[in-house]
Amino acid sequence: MGKLVVKVLEGKEKREKQYEVMREELDPYTTVLELLLKIREEQDPSLVLRYSCRMALCGSCGMIINGRPRLACLTKMKDLDEPIRIEPLKNVGTIRGLVPDLSSFFSKYRKVRPFLVAKDEEEQESPKSPYRQTDEEVKRYLQFNYCIQCGLCYSACPVVSSNPNFLGPAAINVAYRYTADSRDSDKLRVLLLDTPNGVWSCRVAGSCSVVCPKGVDPSLSIQLAKSLILRRKI
Ligand code: SF4
């Protein structure tokens, strides 16, 4: 059985720490989050990480595991080569240990007005009746609504790496999600997307969609947003 080697690169400086864990204490379905908590409990109380729900709902435990952005609670031993190498998310800052500083990610997310804007302001504040939608109308945005704001797509995006001003996949995805909603009448959101650092910076690398743990396809929503902008101009 032997020992499993786990390398953790901590903080902004990526200080490398190495741990060894007896394999018989793990099983193929042990998650990286469980492994890290075990290491913190038994070997290194100074190991700092962020997590909450343990079931891929909160999006808190994003980190780079063996070179790829993943949720630690969703990543199992059986799917990883050894030694396991863990580091903080890329394209964002690092607060401490494995904890990312997602402020740039969230400020872009907020910037694109991620909420419904009704035509009538009075109606927006005090709706008089339900906003009914057909199945077809719901299908236009439903899959893009499953985003949990984990930041994995942002960390994987090669355009964000070279241009930190790019809005990034998650912000554009949520902007498209609301713009495609039949209940929305916002005019400003599309203007924010139709800029050099908005949808037109995307080079369709697709890595955002590959790493998304919720099956959202941000690469698709970006291309749909481009198409929507062009159609509105015709
Ligand atoms: Fe995370 Fe997917 Fe949302 Fe990106 S689109 S923030 S990867 S859930």
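Both counts, for ligands and for their atoms, begin at 1 and track the order of listing.
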Novice: If only atom types and distance count, is the side chain of Glu16 paired as donor or acceptor with the main-chain N or O of Lys7 below 3.5 Å?
Specialist: no

Novice: Distance alone, cut at 3.5 Å: any donor-acceptor contact between the side chains of Asp44 and Ser46?
Specialist: yes

Novice: Do Lys139 and Asp135 sit within salt-bridge range, that is, some charged N less than 4.0 Å from a carboxylate O?
Specialist: no

Novice: For residues Ser103 and Asp101, is any side-chain donor paired with an opposing acceptor at under 3.5 Å?
Specialist: yes

Novice: Would the distance check show the side chain of Ser221 and the main-chain N or O of Pro218 forming a donor-acceptor pair, the cut-off being under 3.5 Å?
Specialist: yes

Novice: With atoms numbered from 1 as shown, which atoms in ligand 1 lie under 4.0 angstrom from a non-hydrogen atom of Pro213?
Specialist: 7 (S)

Novice: Treat each ILVMFWY residue as a node, draw an edge where side-chain heavy atoms are under 4.5 Å apart, and state whether Val99 and Leu47 are in one component.
Specialist: no

Novice: For distances below 2.8 Å, what is the count of protein N, O or S atoms around atom 3 (Fe) of ligand 1?
Specialist: 1

